[in-house]
Amino acid sequence: MATAARSQPSDELSPSDRELFEAARTASRQAYAPYSELAVGAAVRTERGGVFRGCNVENASYGLTSCAERNAVFAAVEAEGPTVSIKVIAIYAKAHTVSPCGACRQVLAELGANARVLFPMGDEICARSIGDLLPIPFRLEGRV
Ligand code: THU
């Protein structure tokens with residue numbers, strides 16, 4: 001069952017959540033975002049305890065842009081292999097509310113079915129389960 005939606009002031013985050021946000025902020029400094037000028041960073045913690053980062057990478061052919069969240073998830077897959085499971089993802093963007101896009105929700109739902117998603121919403125940090133954010137993800141029948 002989906003967990004209750006919840007927002008919390010950032011000073012109520014656990015130490016490991018804070019660490020993940022710091023990693024997301026570090027990643028945002030590497031963003032390649034000359035078109036939108038919105039630098040986004042993401043950091044995932046896996047069930048095995050690994051931490052992996054990603055930033056958004058834009059392109060002159062706009063549709064090729066890759067979000068910070070997916071780049072972080074893909075870095076985790078590269079490091080831990082196909083059995084990877086995302087436990088938490090933190091998203092950081094300066095002075096913005098950034099809730100993950102639909103494509104990133106779909107990817108997270110498959111690689112972290114119980115993932116907690118932490119993202120900035122105004123002055124607060126919103127904590128939701130991926131099930132709250134995407135209740136009925138696409139799945140290929142007969143597959144995971
Ligand atoms: N972006 C992300 O990296 N993550 C999100 O959750 C939303 C949007 C990026 C894509 C693009 O480079 C820029 O933000 C503006 O859409």
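Whatever order the structure lists ligands and atoms in, that order sets their numbers, starting from 1. Note that the structure is a prediction, hence the values are computed from the model and not measured.
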Fill in: Under 3.5 Å side-chain donor-acceptor pair for Ser66 and Asn71
yes
Discussion item. Test of understanding: clusters of I, L, V, M, F, W, Y form through side-chain heavy atoms closer than 4.5 Å, transitively. Do Ile86 and Val40 belong to the same one?
Written reply: yes
Worksheet item: Heavy atoms, side chains only, cut-off 4.5 Å: are Val44 and Val88 in contact?
Response: no
Worksheet item: Looking at Asp17 and Arg116, does any basic side-chain N land under 4.0 Å from a carboxylate oxygen?
Response: yes
Discussion item. Using ring centroids (six-membered ring only for Trp), state whether Tyr62 and Tyr35 fall under 6.0 Å.
Written reply: yes
Worksheet, complete the sentence: All heavy atoms of Ala76 vs all of Val84, minimum pair found to be O-CG2, 3.9 Å
Contact table ligand 1 N or O to protein N or O, d under 3.5 Å:
from     : atom 1 : to    : atom 2 : distance (Å)
ligand 1 : 3 (O)  : Ala68 : N      : 3.0
ligand 1 : 4 (N)  : Glu69 : OE1    : 2.8
ligand 1 : 4 (N)  : Glu69 : OE2    : 3.4
ligand 1 : 6 (O)  : Glu69 : OE1    : 3.4
ligand 1 : 6 (O)  : Glu69 : OE2    : 2.5
ligand 1 : 12 (O) : Asn56 : ND2    : 2.9
ligand 1 : 12 (O) : Glu58 : OE2    : 2.5

